[in-house]
Amino acid sequence: MDERYDPRKIESKWQNFWEEAKLFKVKEDPNKEKYYLLEMFPYPSGKIHMGHVRNYTIGDVVARYKRMQGFNVLHPMGWDAFGMPAENAAIANNSHPAKWTYENIDAMRFQLKRLGFSYDWDREIATCSPEYYQWEQWLFLKMYEKGMAYRKESFVNWCEHCQTVLANEQVEAGLCWRCGQLVRQKKLWQWFFRITDYAQDLLSYCEKLPGWPEKVITMQKNWIGKSSGAEIRFPIENSDEQIPVFTTRQDTVYGATFMCLAPEHPLVVKLSGGTPQELEVSEFIHRISLQDRSVKAVESYEKEGVYIGAYCINPLSGIRMPIYTANFALMEYGTGAVMSVPSHDQRDFEFARKYGLEVIVVVKPHDADLDPATMTEAFAGEGVMINSGRFNGIDSVQALDDIASYLEEKGIGKKTTSFRLRDWGISRQRYWGAPIPIIHCEKCGIVPVPEKDLPILLPEDADLLEGGKSPLSTLEYFTKTPCPACGSSEARRETDTMDTFVESSWYYERYCSPNCKTAMFDREAVDYWMPVDQYIGGVEHAILHLLYSRYYTRVLYDFDLVKYKEPFTRLLTQGMVCKETVSCPEHGFLLPEEIKEAGEERLCKQCGQQAIVGRVEKMSKSKKNVIDPNILLKKFGADTTRLFCLFAAPPERDLEWSEQGVEGGYRFLNRVWRLALNWGSLIRDAKPFNGSPDQLEGDAIALFKKNHATIKKVTRDIEDRFHFNTAISAVMELVNTMYGIGFTEKNPQNIEVIRLSMESVALLLSPIVPHFAEELWEALGFDTSILLASWPSYREDALIKDELLIVVQVNGKLRSKFHVDADADDDTLKEMALSDERVLKFVDGKPIKKIIVVKEKLVNIVV
RNA sequence: GCCGGAGUGGUGAAACUGGUAGACGCACGGGACUCAAAAUCCCGCGGGGGCAACUCCAUGUCGGUUCGAUUCCGACCUCCGGCACCA
């Protein structure tokens with residue numbers, strides 16, 4: 001052990017040692033209990049950012065902790081390597097996405113290794129390699145065969161000027177991010193996965209995920225969005241056709257006075273044809289079709305619609321209902337038609353007032369009357385049925401059921417449920433993704449690629465700059481192919497690639513047998529390792545990635561490829577890494593090097609104006625508040641960086657960056673270092689104390705107890721709730737206690753207690769600051785790695801207190817405290833409380849109503 | 001707009017099942033060591049009043065339940081995340 005703590009020296013020393021000894025390599029071992037710890041794999045953007053550091057540090061602590069507990073721990077790492085940034089970078093640098101991606105992977109792997117994470121690097125995968133994505137193509141074929149993958153027309157963002165499809169991210173306030181022109185919606189034939197078939201199952205299993213945070217479960221449930229109600233058919237006037245409508249408020253059906261159809265609804269064009277409204281309707285449809293139809297956008301639009309020149313009949317009230325097409329009706333939800341009840345739905349109410357439509361009240365509040373002429377808003381609450389024929393007078397909640405049954409009896413409707421969840425659109429008109437293995441033949445239509453022809457390799461030389469079509473469609477040699485069914489030479493390959501969420505929906509299975517050549521994964525390996533015991537990642541993935549993964553797992557289950565339905569037993573969603581922003585009124589956000597410190601003030605280096613310290617926000621390039629982990633590694637080393645990430649906040653909360661906080665962590669490690677140094681050979685040559693507390697003298701008793709209490713606290717903090725911040729502060733307290741003893745101890749047994757505590761510090765810190773702990777372990781005279789040591793255990797007899805601190809309250813306010821023997825009973829406590837001077841002062845002779853005694857804690861006197 | 005979450009000293013946070021609000025750290029102040037500085041070690045540190053013993057106030061705001069509320073319930077305010085083609 002050197003005089004000085006030098007992270008650079010010890011970190012590379014131990015990283016090399018771990019790598020050479022292959023200490024993190026694992027294989028299936030039926031005799032050992034497995035533990036699969038997974039962190040969300042990164043997109044290879046080129047640089048590790050603090051969010052990665054935090055995520056992977058949390059995971060690494062758990063992995064190392066579980067190894068010390070004796071588990072066979074699978075802890076892999078790989079790359080979510082397909083995606084848009086690679087294409088953008090390739091266009092910007094006139095390079096190739098593959099080159100950019102693989103270079104980034106190399107750079108990031110290097111950085112991760114420097115952080116000392118305990119990955120089994122032999123299992124590394126990159127999703128852009130054909131060995132990976134061919135199996136995704138294989139499963140796609142199976143899904144197509146079973147009807148789980150299908151094609152339908154659907155909208156994309158389209159920039160007419162650039163002749164290209166845009167991702168939502170590339171649309172800024174309705175305008176194209178490159179040229180600034182208005183973005184419109186364009187209909188394309190696209191591929192979908194039928195996730196809605198699994199809506200109920202995905203929902204039901206939400207109750208069977210006790211290891212998931214409550215908030216994620218709630219978000220998933222709301223996303224799936226089950227609602228119970230009824231489907232009612234409204235006959236169209238002078239026609240045999242009917243409009244099916246889904247509603248959750250069938251109790252208000254007598255109040256339905258008009259009908260709203262989604263602009264995409266096929267009946268809109270059909271019914272308006274030949275009417276005076278035909279032109280107006282088609283103009284409306286055209287105008288709406290150019291707009292963003294996402295729920296978020298639609299919610300923000302002014303509600304509008306047009307009459308389409310036809311009526312339908314309310315099947316219960318017999319009222320003639322004018323049919324409108326309206327911008328708020330969505331084809332994707334329910335049946336694409338809304339029965340509008342202006343009296344009891346605020347949106348319908350506003351629409352009716354705007355277009356002068358009839359309002360009929362059918363549910364009356366218990367304590368008031370409603371007049372349709374003077375109402376200023378809809379009444380959405382529960383009440384008593386009126387104007388509803390045979391249902392008048394009954395409670396509206398009861399009517400939900402009664403009316404649904406009546407509709408079923410009459411054959412004009414049925415009870416049903418509806419989901420908000422929509423099918424998963426997986427088509428991307430982009431280059432850098434897995435090609436969809438389908439061939440379009442003029443004669444045979446859609447023909448799947450025969451399994452023997454897989455993989456369909458992504459060609460290397462697509463022109464990304466040529467707009468207008470998918471980049472792949474410009475490659476004649478790729479698209480032109482004989483039809484596998486009829487042999488016609490006129491067939492063409494599908495040029496869409498798959499959504500990158502498909503790759504991230506099964507990578508955790510691939511890790512189990514990353515080099516498997518004959519299947520997606522080796523069945524035995526997956527049976528051993530899966531499901532993932534602990535998954536860790538950003539809360540921003542709480543819905544999409546996690547739901548898609550749960551769905552994909554069900555598909556694998558239905559093909560009998562796996563024996564479980566849920567891939568992740570426990571989930572930890574970590575908060576973001578944030579930092580304050582600094583901006584100049586003239587030059588916008590400022591980088592740290594663009595700021596001049598002048599006493600208390602900060603000035604913009606360019607113009608000298610006073611800089612404004614803004615909000616603490618998520619680190620992002622655009623806000624210029626990013627901290628590069630590389631700088632930390634250079635300045636403080638991996639251990640300090642890791643320590644700070646864990647100490648500054650509990651994992652689920654946002655973490656605010658603080659340079660001074662990092663220095664604090666560094667100081668703590670130095671403090672431990674000096675402690676070991678000061679005791680020197682005295683503790684190295686001692687053996688750890690293993691006796692009972694009554695053999696000890698002086699401060700050593702307190703240290704002995706503190707040692708065991710610390711082990712207990714740290715173990716529970718990590719095991720129960722991943723609160724590493726309090727685990728670390730407990731170790732700090734132990735270290736402070738050791739400092740309190742001084743370095744002059746002569747009693748050999750007391751030296752043994754110090755030795756014991758020093759070992760505890762090394763062991764308890766080893767998952768958190770692994771290089772540092774190895775060095776400490778070596779300094780204590782061990783000649784094997786601390787990784788091979790077991791997690792320490794505590795002695796119950798060291799936790800027993802012989803004196804308790806009792807708090808005395810009067811009317812719930814703290815008035816006094818006293819110490820008492822641990823075995824004192826309730827009556828003794830009462831007596832002692834009542835004879836306390838300070839307590840008597842507040843009781844002040846007033847009659848005592850009640851005395852509450854909480855065991856071993858407090859006495860509350862109520863006067 | 002809809003869905004979800006968070007709000008505690010100067011500051012990051014702690015208080016695990018309703019029972020001493022502020023552990024541990026940072027910043028700051030004081031002391032020791034030093035020719036001096038840095039580093040280190042020790043002490044103090046929510047706010048108001050008081051020489052002091054002590055006392056009053058305080059967990060975003062307002063109300064409720066309770067002997068007792070940071071913790072449970074209701075309303076509101078502010079900030080953050082997701083909203084289906086960013087990953």
Side-chain angles (χ1 to χ4, degrees), chain A residues 40-43 45 80 82-85 156-157 165-171 190 213-216 218-223 225 294-301 332 420-430 499-501 504 538-545 547-548 573 575-576 578 615-618 644 647-650 652-665 667-668 670-671 674 713 716-717 720-721 723 725-726 728-733 736 739-740 805-814 816-817 838 841 849-852 854 857-863:
Chain A
M40 291 181 184
F41 65 165
Y43 178 79
S45 58
D80 189 12
F82 275 138
M84 219 168 40
V156 291
N157 301 311
V165 174
L166 297 175
N168 287 346
E169 195 193 44
Q170 300 171 314
V171 181
Q190 305 196 69
E214 197 57 47
K215 63 169 177 173
V216 177
T218 310
M219 281 193 256
Q220 294 238 329
K221 280 185 189 166
N222 289 339
W223 187 258
S294 69
V295 176
K296 180 172 53 167
V298 167
E299 297 279 356
S300 68
Y301 298 147
E332 284 93 4
R420 206 185 72 99
L421 183 68
R422 304 202 304 266
D423 276 340
W424 175 12
I426 58 143
S427 276
R428 296 293 180 270
Q429 295 71 38
R430 298 225 179 78
D499 180 5
T500 56
F501 274 123
S504 56
V539 67
E540 65 274 16
H541 295 288
I543 295 175
L544 291 180
H545 163 59
L547 191 67
Y548 291 149
T573 51
M576 300 173 305
C578 303
R615 273 205 291 276
V616 175
E617 293 187 75
K618 179 178 177 169
F644 170 73
F647 183 58
E652 66 278 6
R653 261 220 244 180
D654 288 352
L655 182 152
E656 191 189 328
W657 172 258
S658 149
E659 171 87 24
Q660 282 153 343
V662 182
E663 276 166 18
R667 262 206 293 272
F668 169 65
N670 275 290
R671 199 168 145 82
R674 278 192 302 275
K713 171 146 180 69
R716 291 186 60 177
D717 280 349
D720 298 352
R721 32 175 220 166
H723 277 207
N725 55 334
T726 49
I728 293 166
S729 61
V731 180
M732 285 173 169
E733 285 186 53
N736 290 345
Y739 263 88
L805 180 66
I806 300 295
V807 169
V808 188
Q809 297 178 333
V810 178
N811 286 341
K813 283 198 173 182
L814 173 71
S816 183
K817 344 178 171 181
R838 277 170 291 190
K841 197 171 111 196
K849 277 194 204 158
K850 211 190 318 184
I851 299 178
I852 292 147
V854 180
K857 266 190 186 152
L858 116 174
V859 179
N860 188 14
I861 300 162
V862 187
V863 297

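Here is how names work: the chains are called A, B, and so on, in the same order as the sequence lines, proteins then strands, and each is numbered from 1.
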Along RNA chain B (nearest heavy atom to each residue), the more 5'-positioned of Thr218(A) and Glu733(A): Thr218(A)

Touch class at under 4.0 angstrom, heavy-atom based, for Leu805(A) against every strand present: base

Integer-rounded Å distance: rG12(B) C1' and Gln660(A) CD: 11 Å

Donor-acceptor pair, side chain of Asn157(A) and main chain of Leu166(A), under 3.5 angstrom: yes

Protein-nucleic acid N or O pairs under 3.5 Å, nucleotides 43-45 of chain B:
none

Validation row: Met84(A), Arg428(A) side chains within 4.5 angstrom (heavy atoms): no

Residue Ala648(A), side-chain heavy atoms: nucleotide from rC26(B), rG4(B), rG12(B) that is nearest: rG12(B)

Min side-chain heavy-atom separation Tyr548(A)-Ser504(A) under 4.5 Å: no

Close side-chain approach of Thr573(A) to Val216(A), heavy-atom, < 4.5 Å: yes

Ring pair (Phe, Tyr, Trp, His ring centres under 6.0 Å) involving Tyr43(A) - partner list, sequence neighbours excluded: none

Nearest-angstrom distance, C1' atom, rA15(B) to rG9(B): 15 Å

For atom NZ of Lys857(A) and atom C1' of rU17(B), their distance in whole Å: 9 Å

Length of the CG-P vector between Leu655(A) and rG12(B), whole Å: 12 Å

Heavy-atom check, side chain of Gln190(A) versus side chain of Val156(A), under 4.5 Å: yes

RNA chain B: stems of at least 3 consecutive Watson-Crick or G-U pairs whose donor-acceptor distances fall under 3.5 Å: B:1-7 with B:77-83, B:10-12 with B:24-26, B:28-32 with B:40-44, B:46-49 with B:54-57, B:60-64 with B:72-76

Gap in Å between the two C1' atoms, one belonging to rG82(B) and one to rC28(B), rounded: 40 Å

Footprint string (nucleotides 64-75 of chain B, 5' to 3'): B base within contact, S backbone only, - free, heavy atoms under 4.0 Å: ---BS-------

Spacing between Asp720(A) atom CG and rU17(B) atom P, to the nearest angstrom: 10 Å

Atom pair distance, as rounded to whole Å: CG in Leu814(A) and P in rA58(B): 15 Å

Sugar-phosphate only, base, or nothing, as touched by Gly661(A) at under 4.0 Å among non-hydrogen atoms: nothing

Nearest-Å distance for atom pair CD1/C1', residues Ile728(A) and rA14(B): 14 Å

For Gly812(A) against Asn860(A), the heavy-atom pair lying closest together: N-OD1, 3.0 Å

Residue pair Arg422(A) / Val295(A), side-chain heavy-atom distance below 4.5 Å: yes

Heteroatom pairs (N/O) under 3.5 angstrom, protein to nucleotides 29-31 of chain B:
none

Main-chain N/O of Cys578(A) paired with Asp654(A) side-chain donor or acceptor, under 3.5 Å: no

Sugar-phosphate, base or nothing in reach of Lys841(A), heavy atoms under 4.0 Å: sugar-phosphate

Nearest-Å distance once atom C1' is located in both rG19(B) and rG5(B): 28 Å

Distance in angstrom units between Glu659(A) CD and rG12(B) P, rounded: 17 Å

Enumerate the protein-to-nucleotides 38-40 of chain B contacts in which both atoms are nitrogen or oxygen and the separation is below 3.5 Å.
| unit_1 | atom_1 | unit_2 | atom_2 | d |
| --- | --- | --- | --- | --- |
| rU40(B) | O3' | Arg674(A) | NH2 | 3.1 |

Which nucleotide in rG5(B), rA13(B), rC16(B) has an atom nearest any side-chain atom of Arg653(A): rA13(B)

Annotated protein contacts, base or backbone, on nucleotides 79-86 of chain B with a non-hydrogen cut-off under 4.0 Å, one of B, S, - each: SSSSBBBS

Pairwise 5' ranking along RNA chain B for Lys817(A) and Gly665(A), keeping only the more 5' one: Lys817(A)

Separation of atom NE2 in His723(A) from atom P in rC16(B), rounded to whole Å: 11 Å

Those residues that, when tested against Lys841(A), pass salt bridge (charged side-chain N to carboxylate O under 4.0 Å, His left out) (two or more places apart): none

Sugar-phosphate only, base, or nothing, as touched by Pro650(A) at under 4.0 Å among non-hydrogen atoms: sugar-phosphate

Expected output: side-chain Gln809(A) to main-chain Ile861(A) donor-acceptor under 3.5 Å: no

Side-chain donor or acceptor of Asp80(A) paired with backbone N/O of Pro42(A) under 3.5 Å: no

Heavy-atom pair with the smallest gap, counting every atom of Met40(A) and Gly538(A): SD-N, 3.8 Å

Between rA58(B) and rA69(B) - C1' atom distance, rounded Å: 14 Å

Phosphate contact (rG12(B) OP1 or OP2) by Asn725(A) side-chain N/O below 4.0 Å: no

Residues which pass side-chain hydrogen bond (donor to acceptor under 3.5 Å, both in side chains) with Trp424(A), listed by chain and number, not counting sequence neighbours: Asp499(A)

Partner set under salt bridge (charged side-chain N to carboxylate O under 4.0 Å, His left out) for Asp717(A), not counting sequence neighbours: Lys713(A), Arg721(A)

N-glycosidic conformation, rG12(B) - syn within 90 degrees of 0, else anti: anti

Arg671(A): partners by salt bridge (charged side-chain N to carboxylate O under 4.0 Å, His left out), with sequence neighbours left out: none

rG25(B) OP1/OP2 closer than 4.0 Å to side-chain N/O of Asn736(A): yes

Any Ile852(A) side-chain heavy atom under 4.5 Å of Val859(A) side chain: no

Partners meeting salt bridge (charged side-chain N to carboxylate O under 4.0 Å, His left out) with Glu659(A) (sequence neighbours left out): Lys635(A)

Min side-chain heavy-atom separation Lys817(A)-Leu814(A) under 4.5 Å: yes

Note, Val539(A) side chain near Lys215(A) side chain (heavy atom, < 4.5 Å): yes

